[in-house]
Q: 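Pasting a structure here, questions to come.
The basis for the numbers below is simple: all heavy atoms, side chains too, and nothing from hydrogens, waters or symmetry mates.
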Amino acid sequence: MIGQAPDCAPRCLQRCYVTGQADAKWLRRDHGLAKQGLSMDFIFMLTRDDRTVEDCLDLVELIRPVGLKHVGFKDVGISPDVQKALTRAIRTAGATSYMEVVSTTPEACLASARVARDLGVDRLLGGTQVDEIMDILDGSDTRYYPFPGKPTGHPTRLGGRPSDVEAHCRDFVARGCAGCDLLAFRATEADPIDLVKAARSGLGPDKYLIVAGAIASPERVRAIEAAGADAFTIGTAVFNGSYSPNKGSILSQLRDILADCGAEGPMAPRPRPGQSASAGT
């Protein structure tokens, strides 16, 4: 397994795609990124309908042959003891661990941040209480990616316009966050891709933009990549088979997602908006 991607990765990828003056494979090799041609990270969430599945520990073992580099879970659905064992199992498998906060009260969100810190989760996603959560994580190795926009309810829906998302992301950067966790396709007031573009603009080229929720097709994967995402999460679409509806195995769903990202071998990078398919190497 490869280690965690270097902080400079988003800047490198942006330079490659936007300027068209560097080779994507060379940039990834030079910066220790083994995923040739892969411009986004796929984060497999062991979750269904915004809750961690009860047999998550069995699933970590089941998916080992796929070689996933990023695996996560929600802060609801399993007991603290299972959360601890799951974090350990993800680490043993050589993957980066993620916990996403979907609790609906301020007190529960802060409690989940403390749990993530104590578990040693690599990346904490979600929540909106940036100052309080950053204080909780201070001194730990856990990086924080809050929700921009106006998330409400469970399963979470996202209110807010692109201008709101961009402003929130700029604020996250100023407060020292590592990036954001954008529920683009849960949007109730804006076009999802416009929100991705707004988040990219607000974060700048160096912060990590994760798009989460309802990414259930190759078309959506390509759309968020073109809009500037660094990573995306999928959970339910793997378990219900909707990503690859003609296949029945979880492993087949995961392999198809990786193939659509180019992770099964060298793949020419897709063009950015305004760039022809033959340009940019």
Side-chain angles (χ1 to χ4, degrees), residues 3-11 41 43 45 47 50 52 70-76 80 83-84 86-87 90-91 95-154 156 158-160 163-184 186 195-196 198-213 228-233:
Q4 184 172 302
D7 292 337
C8 60
R11 180 172 61 249
D41 291 322
I43 305 164
M45 298 296 288
T47 61
D50 260 6
T52 305
H70 303 267
V71 179
F73 57 96
K74 309 279 187 177
D75 64 333
V76 296
Q83 288 179 336
K84 183 181 297 184
L86 180 57
T87 303
I90 293 171
R91 182 178 298 116
T96 297
S97 60
Y98 297 73
M99 187 173 88
E100 186 173 41
V101 176
V102 293
S103 295
T104 56
T105 68
E107 297 79 10
C109 289
L110 295 180
S112 292
R114 295 186 187 97
V115 169
R117 176 199 62 198
D118 295 343
L119 290 174
V121 169
D122 295 309
R123 296 176 176 179
L124 176 65
L125 314 182
T128 58
Q129 298 151 278
V130 176
D131 288 338
E132 295 94 329
I133 292 177
M134 289 292 285
D135 285 344
I136 289 170
L137 299 179
D138 187 36
S140 75
D141 292 328
T142 301
R143 298 182 179 185
Y144 183 42
Y145 306 80
F147 287 141
K150 303 172 184 177
T152 58
H154 185 261
T156 312
L158 186 69
S163 58
D164 300 316
V165 167
E166 182 171 354
H168 291 171
C169 288
R170 292 188 188 282
D171 184 61
F172 296 163
V173 173
R175 294 172 187 269
C177 298
C180 79
D181 182 26
L182 176 65
L183 300 170
R186 304 275 184 89
L195 295 181
V196 178
R200 181 77 277 161
S201 177
L203 291 177
D206 297 332
K207 297 298 182 179
Y208 197 68
L209 170 53
I210 302 168
V211 179
D230 294 306
F232 63 99
T233 71

Q: Is there a donor-acceptor pair under 3.5 Å between the side chain of Asp164 and the backbone N or O of Gly149?
A: no

Q: With Asp135, which residues qualify under salt bridge (Lys or Arg N to Asp or Glu O under 4.0 Å), at least two apart?
A: none

Q: Can you find a heavy atom in the side chain of Pro146 that is under 4.5 Å from one in the side chain of Gln129?
A: no

Q: Would you find a donor on one side and an acceptor on the other, under 3.5 Å apart, between the side chain of Arg91 and the backbone of Ala95?
A: no

Q: Does some side-chain heavy atom of Met45 sit less than 4.5 Å from a side-chain heavy atom of Ile43?
A: yes

Q: Starting at CD of Glu100, measure out to OG1 of Thr156 and round the result to the nearest 0.5 Å.
A: 7.0 Å

Q: Taking side chain as C-beta onward, heavy atoms only, is Val115 less than 4.5 Å from Asp75?
A: no

Q: Got a donor-acceptor contact below 3.5 angstrom from the Arg123 side chain to the Ala178 backbone?
A: no

Q: Got a second to check how far His70's NE2 is from Ile90's CD1, nearest 0.5 Å?
A: 12.0 Å

Q: Apply the test salt bridge (charged side-chain N to carboxylate O under 4.0 Å, His left out) to residues Asp171 and Arg175: give CA-CA distance (whole Å), side-chain angles for both, the deciding distance (0.1 Å), then the verdict.
A: CA-CA 6 Å; Asp171 184 61; Arg175 294 172 187 269; 2.6 Å; yes

Q: How many angstroms lie between atom CZ of Phe73 and atom CG of Leu119, to the nearest 0.5 angstrom?
A: 5.5 Å

Q: Using every non-hydrogen atom in the two residues, find where Pro148 and Leu158 come nearest and quote the distance to one decimal.
A: O-CD1, 3.2 Å

Q: Working to the nearest 0.5 angstrom, can you tell me the gap between Phe147 CZ and Thr128 OG1?
A: 9.0 Å

Q: Give a yes or no on whether the backbone of Ser97 and the side-chain of Asp122 come within a donor-acceptor separation of less than 3.5 Å.
A: yes

Q: Are more than 12 heavy atoms from other residues, nucleotides or ligands located less than 6.0 Å from atom CG of Asp131?
A: yes

Q: Work out which heavy atom in Gly120 is nearest to a heavy atom in Thr142; give both atom names and the distance.
A: C-OG1, 4.3 Å

Q: Nearest 0.5 Å, please: how far is CG in Leu183 from CD1 in Ile210?
A: 11.0 Å

Q: Output yes when a side-chain donor or acceptor of Thr104 lies under 3.5 Å from a complementary backbone atom of Gly153, and no otherwise.
A: no

Q: How close do Gly228 and Val196 get, heavy atom to heavy atom, and via which atoms?
A: N-CG1, 4.5 Å

Q: Does the pair Arg200 and Asp230 meet the rule for a salt bridge (charged side-chain N to carboxylate O under 4.0 Å, His left out), with working shown?
A: CA-CA 9 Å; Arg200 181 77 277 161; Asp230 294 306; 2.8 Å; yes

Q: Once rounded to the nearest 0.5 Å, what's the spacing between atom CD1 of Ile133 and atom OH of Tyr144?
A: 3.5 Å

Q: Give the minimum heavy-atom separation between Ile136 and Arg117, together with the two atoms involved.
A: O-CD, 3.1 Å

Q: Kindly write out the residues that satisfy salt bridge (Lys or Arg N to Asp or Glu O under 4.0 Å) with Arg186, not counting sequence neighbours, or none if the list is empty.
A: Asp50

Q: Between Cys177 and Val130, what is the shortest heavy-atom contact and its length?
A: SG-CG1, 3.6 Å

Q: Looking only at non-hydrogen atoms, find the nearest pair between Cys109 and Ser103 and report the distance.
A: SG-O, 3.2 Å

Q: Any sub-3.5 Å donor-acceptor pair from Tyr208's side-chain atoms to Ala229's backbone N or O?
A: no

